[in-house]
Amino acid sequence: MKDEIRWGIVGPGNIAHSFAKDLRMVNGGRLTAVASRNFDRASSFAAEYGAAHVYGSYQELFESDEVDVLYIATPHTSHCELTLQALRHKKAVLCEKPMGINKQEVDRMVSAAKEGDVFLMEALWSRFNPAIRKVKQLIEEGVIGKLEYLYADFGFYALDRDEKGRLLNPDLAGGSLLDIGIYPIFLSYLFFGMPKHIKASSRFHTTGVEMQTSMLFEYQNGQALLYSGLTSKSEMKAEISGQEGTLFLHPRWHEAQGYSLEKENELTHVDLPTVGKGYSHEIEEVQECLRAGKKESDRWSLQNSQDLVALLDAVRKETGITFPFEE
């Protein structure tokens, strides 16, 4: 792999703007190409972020010799097929979360990456957040003792949005769970692992998408209370409690800029700011992996992505969340 890693962006939407801004802050990487089905939109994005190559179709970008790795930033429903196409063209892929709508899709993507010997990672940016990484380290070091309890929520008001848009449209895999519920589930998985039992309940919008989901993950050594919703804003302060103390991730915890430790009646605050918005840290992880010749990340492996989507599937089965395009 060359010293400078050339990035291409598939789908110049809102999240792609945040990603491109953070890419500017990462050494050794550069945005060289952008693709959209709307050529003018791709051209405008490329001009804003200094990408030299613009494509009016995704296929042209997949076939381009001007990129080493692609960031797929399109809606959920296209992640699987676009990733498979990119992998067939031997392009390394960072695919926005959720990597697939269900485990069947993610398994297909993982198999294609392994068969083609091509790098693939889910863009679960919170896994690389400095504060979350530090809290994980402290837990593993036993700072708060045996882990017993976790609470994590993610909610904002979105019921006034266009019903044909991504969040409220069942044909686009809308609802809170895949968009933001994935974050609390991820945090519980990161610290506790796979639960032995899941209880969950959802409320549904008039369009048919789930708009509010509460979850209880039961473990051999504790419980996790998790929530996601589009009906109101929630505090988004995560609590991880052990027998000897408690760690808090500051709001909004999925992009935390620090944490607190409460132990022996003392509360200590630690600032750990992200570089830029925080996408920079997953970008650095991908670039380090590519330079080392790795085909997946050690910090967020393909198995981790398969486990995470299995948990999403389990919650969906428990609550009856389905999408029209699924068999």
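Just so we're clear, the structure is a prediction, and the values are computed from it rather than from any experiment.
Closest heavy-atom contact between S228 and S176: OG-OG, 2.8 Å. Contact record, L187 with L150: O-CD1, 4.0 Å, taken as the closest heavy-atom pair. For P273 against Q257, the heavy-atom pair with the smallest separation is CA-OE1, 3.3 Å. Nearest heavy atom pair, residue R299 against residue N304, reads O-OD1, 3.8 Å. In this structure, G276 and M25 approach most closely via the heavy-atom pair CA-SD, 3.5 Å. In terms of heavy-atom proximity, E235 sits nearest to D153 at N-OD2, 3.4 Å.
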message = Could you walk me through whether S57 and E60 satisfy the side chain to side chain donor-acceptor pair (under 3.5 Å) test, starting with their C-alpha distance in whole Å, then the side-chain angles of each, then the deciding distance to 0.1 Å, before giving a yes or no?
response = CA-CA 6 Å; S57 74; E60 289 178 274; 3.0 Å; yes
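How far CG of D307 is from OH of Y189: 3.5 Å, rounded to the nearest 0.5 Å. Considering CD of E96 and OG of S78, their distance stands at 11.5 Å, rounded to 0.5 Å. Here CG of L311 is found 13.0 Å from CZ of R316. Values are rounded to the nearest 0.5 Å. Taking CG of N27 as the start and CD of E284 as the end, the distance is 8.0 Å to the nearest 0.5 Å.
Between the side chains of E148 and S241, no donor N or O sits under 3.5 Å from an acceptor N or O. One side chain, Q59 or H89, offers a donor N or O that lies under 3.5 Å from an acceptor on the other. For the residue pair E210 / T213, a side-chain donor-acceptor distance below 3.5 Å is found, with atom types taken as modelled. Under the 3.5 Å distance criterion, with hydrogens and angles disregarded, no donor-acceptor pair is assigned to the side chains of T246 and E262. With no hydrogens or angles considered, a side-chain donor-acceptor pair links S305 and E122 at under 3.5 Å. Y219 and S188 are linked by a side-chain donor-acceptor pair at a separation below 3.5 angstrom, with hydrogens and angles left out of the test. Judged by distance alone, the side chains of S64 and Y55 do bring a donor and an acceptor atom under 3.5 Å apart. With no hydrogens or angles considered, a side-chain donor-acceptor pair links H250 and S260 at under 3.5 Å.
With respect to E255 and K277, a salt bridge is recorded, a charged nitrogen being found less than 4.0 Å from a carboxylate O. In summary, D171 and K164 do not engage in a salt bridge, as defined by a charged side-chain N under 4.0 Å from a carboxylate O. Looking at E218 and K196, no side-chain N of the basic residue comes within less than 4.0 Å of a carboxylate O on the acidic one, giving no salt bridge.
Between H76 and H79, the ring planes are perpendicular. Angles over 60° get that label, and only those under 30° would be called parallel. Aromatic ring orientation, W125 versus H254: perpendicular (interplanar angle above 60°, classes split at 30° and 60°). Between F323 and F325, the ring-plane angle classifies as parallel under the 30° and 60° cut-offs.
A donor-acceptor pair is defined here as one N or O able to donate and one able to accept, closer than 3.5 Å; such a pair exists between the side chain of S43 and the backbone of F39. Remark: the backbone N or O of V315 is paired with a side-chain donor or acceptor of T319 at under 3.5 angstrom. In this structure a side-chain-to-backbone donor-acceptor pair under 3.5 Å is present from S234 to G155. Between the side chain of S301 and the backbone N or O of D298 there is no donor-acceptor pair closer than 3.5 Å. Side-chain atoms of K90 come within 3.5 Å of backbone N or O of G116 as a donor-acceptor pair. Side chain of S280 to backbone of V275: a donor-acceptor contact under 3.5 angstrom is found. Between the side chain of K97 and the backbone N or O of D179, at least one donor-acceptor pair lies under 3.5 Å. Distance alone, capped at 3.5 Å, is enough to place a donor-acceptor pair between the R6 side chain and the D65 backbone. A donor-acceptor pair is defined here as one N or O able to donate and one able to accept, closer than 3.5 Å; such a pair exists between the side chain of D313 and the backbone of K103. Checking side-chain atoms of T207 against main-chain N and O of L168 turns up a donor-acceptor pair under 3.5 Å.
The shortest side-chain heavy-atom distance between M215 and L177 falls under the 4.5 Å cut-off. Side-chain atoms of K134 and Y259, non-hydrogen and from C-beta on, do get closer than 4.5 Å to each other. R127 has its side chain within reach of F186: a pair of non-hydrogen atoms, C-beta onward, lies under 4.5 Å apart. By the 4.5 Å heavy-atom criterion applied to side chains, E326 and E105 are not counted as neighbours. Proximity of V270 to L261: side-chain heavy atoms (C-beta onward) are nowhere separated by under 4.5 Å. With contacts defined as side-chain heavy-atom distances shorter than 4.5 Å, the pair M99/M121 does not qualify. In this structure, Y58 and I72 have side chains that are not in contact, with every pair of non-hydrogen atoms separated by 4.5 Å or more. Residues K295 and D117 form a side-chain contact, since some pair of their non-hydrogen atoms from C-beta on lies under 4.5 Å apart.
Only one option out of Y49, Y71, Y279 pairs with H17 in a ring-ring contact (aromatic ring centres under 6.0 Å, His included); it is Y49.
The hydrophobic clustering, which links ILVMFWY residues whose side-chain heavy atoms are closer than 4.5 Å, places Y149 and L147 apart. By the rule that hydrophobic residues join a cluster once side-chain heavy atoms approach within less than 4.5 Å of another member, V10 and I101 end up as members of separate clusters.
Relative to the ring axis of F248, K237 places its NZ or CZ within 45° and under 6.0 Å from the centre.
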